[in-house]
Amino acid sequence: MIISNATPLIAFAKINQLSLLRQIVGELTIPDAVAKEISDYTRNKTGFIDLEQETWINRQTITAKEQLALLLPSLDRGEAEVITLALEEKAKLVLIDELTGRKVAESLDLNVSGSVGILIKAKQLGEIEEVKPFLDAMLKQGIYFSQRFIDAVLQLMGEA
């Protein structure tokens with residue numbers, strides 16, 4: 001099971017590449033808080049995702065309320081529910097872009113990736129030729145990655 005926070009989904013939606021994300025991950029599961037965050041996007045806003053139409057994105061309610069309560073002081077509700085659900089379901093992968101959420105997930109021995117990790121995987125699988133155009137498109141749409149991070153990724157992928 002792969003569990004995603006809202007930001008990776010929105011990042012791919014903003015550049016009209018939800019189909020690429022689906023191609024790489026297959027199916028995703030999102031907790032209720034993430035579904036609410038995605039649904040709160042207005043229909044006419046770039047990056048809107050109609051969860052009713054995207055049948056590959058499954059919604060699941062968390063049950064470990066105590067775990068959630070432990071995470072909420074340091075994370076937003078979506079990230080906290082993603083990590084809680086990942087622990088409950090022993091997820092094989094968690095998609096989170098925000099640094100604090102990633103660090104907490106990694107500290108709990110969860111396998112973490114994000115939007116850029118999916119782009120790297122897509123290139124490795126031959127689904128895209130270069131990561132840079134997709135990264136540039138995300139940046140243009142307001143998805144933030146530090147310049148140092150972008151430079152490191154492009155260097156790693158031989159695109160610098």
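No single ILVMFWY cluster, assembled from side-chain heavy atoms under 4.5 Å apart, contains both L99 and M138. Linking ILVMFWY residues whenever their side-chain heavy atoms come closer than 4.5 Å, directly or via other members, places L139 and L21 in the same cluster. In the hydrophobic clustering of ILVMFWY residues, with side-chain heavy atoms under 4.5 Å counting as a link, L72 and I3 come out together. Linking ILVMFWY side-chain heavy atoms closer than 4.5 Å, directly or via other members, places L156 and I150 in a single hydrophobic cluster.
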Can you check side-chain contact (heavy atoms from CB on, under 4.5 Å) on K14 and I143, steps first, answer last? CA-CA 9 Å; K14 281 189 168 210; I143 305 299; 4.0 Å; yes
Before you tell me yes or no, could you show the steps for L9 and I30 under side-chain contact (heavy atoms from CB on, under 4.5 Å), namely the whole-Å CA-CA distance, both residues' side-chain angles and the distance that decides it to 0.1 Å? CA-CA 10 Å; L9 283 162; I30 57 172; 3.8 Å; yes
Using side-chain contact (heavy atoms from CB on, under 4.5 Å), reason through L51 and S39 one step at a time and then give a plain yes or no. CA-CA 7 Å; L51 291 173; S39 297; 3.8 Å; yes
Decide yes or no on side-chain contact (heavy atoms from CB on, under 4.5 Å) for N111 and K92, but give the supporting numbers first. CA-CA 6 Å; N111 187 13; K92 76 173 186 178; 5.9 Å; no
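Pairs of residues two or more places apart, or lying in two chains, that qualify as side chain to side chain donor-acceptor pair (under 3.5 Å) and include a residue from residues 130-139 are K132-D136. Counting only residues at least two apart or on different chains, no side chain to side chain donor-acceptor pair (under 3.5 Å) pair has a member in residues 64-76.
The side-chain hydrogen bond (donor to acceptor under 3.5 Å, both in side chains) test applied to Q147 returns D151, not counting sequence neighbours. Judged as a side-chain contact (heavy atoms from CB on, under 4.5 Å), and not counting sequence neighbours, T55 has no contacts. Residues forming a side-chain contact (heavy atoms from CB on, under 4.5 Å) with E98 (at least two apart in sequence, or on another chain): N5, T7, E79, I96. For F149, the side-chain contact (heavy atoms from CB on, under 4.5 Å) test picks out V116, F145, S146, V153, with sequence neighbours left out. Applying the salt bridge (Lys or Arg N to Asp or Glu O under 4.0 Å) test to E27 and every residue at least two apart in sequence or in another chain returns nothing. Applying the side-chain contact (heavy atoms from CB on, under 4.5 Å) test to A122 and every residue at least two apart in sequence or in another chain returns L20, I24, E127, I128. Judged as a side-chain hydrogen bond (donor to acceptor under 3.5 Å, both in side chains), and not counting sequence neighbours, the contacts of S115 are D97. Partners of Q17 by side-chain hydrogen bond (donor to acceptor under 3.5 Å, both in side chains), not counting sequence neighbours: none found. R77 is linked by a salt bridge (Lys or Arg N to Asp or Glu O under 4.0 Å) to E81, counting only residues two or more places apart in sequence or in another chain. Applying the side-chain hydrogen bond (donor to acceptor under 3.5 Å, both in side chains) rule to Q124 yields no partners; only residues at least two apart in sequence or on another chain are considered.
E88 and Q60 form no side-chain donor-acceptor contact under 3.5 Å, judged by distance and modelled atom types alone.
Minimum interatomic distance between S4 and V82 (heavy atoms only, all atoms of both residues): O-CG2, 3.5 Å. In plain terms, the two heavy atoms of V94 and A86 that are nearest each other are CG2-CB, 3.4 Å. Pairing each heavy atom of L119 with each of L135, the nearest pair is CD1-N, 4.1 Å. Shortest non-hydrogen contact noted between G114 and L95 is N-CD2, 4.3 Å. Closest of all the heavy-atom pairs between A13 and I49 is CB-CG1, 3.6 Å.
Summarising the geometry, atom CD1 belonging to I10 is positioned 12.0 Å from atom CD belonging to Q141; distances are rounded to the nearest 0.5 Å. Taking OG1 from T63 and CG from L68, the interatomic distance works out to 10.5 Å, rounded to the nearest 0.5 Å. With values rounded to the nearest 0.5 angstrom, T84 atom OG1 is found 5.0 Å from I62 atom CD1. Q23 contributes atom CD, which lies 13.0 Å from atom NZ of K121 (distance to the nearest 0.5 angstrom).
Ion pair D32/K36 not flagged as a salt bridge, since none of the NZ, NE, NH1 or NH2 atoms sits closer than 4.0 Å to an Asp/Glu carboxylate oxygen.
Between L18 and W56 there is a side-chain heavy-atom pair separated by less than 4.5 Å.
At distances below 3.5 Å, at least one donor-acceptor pair connects side-chain atoms of R102 with backbone N or O atoms of S113.
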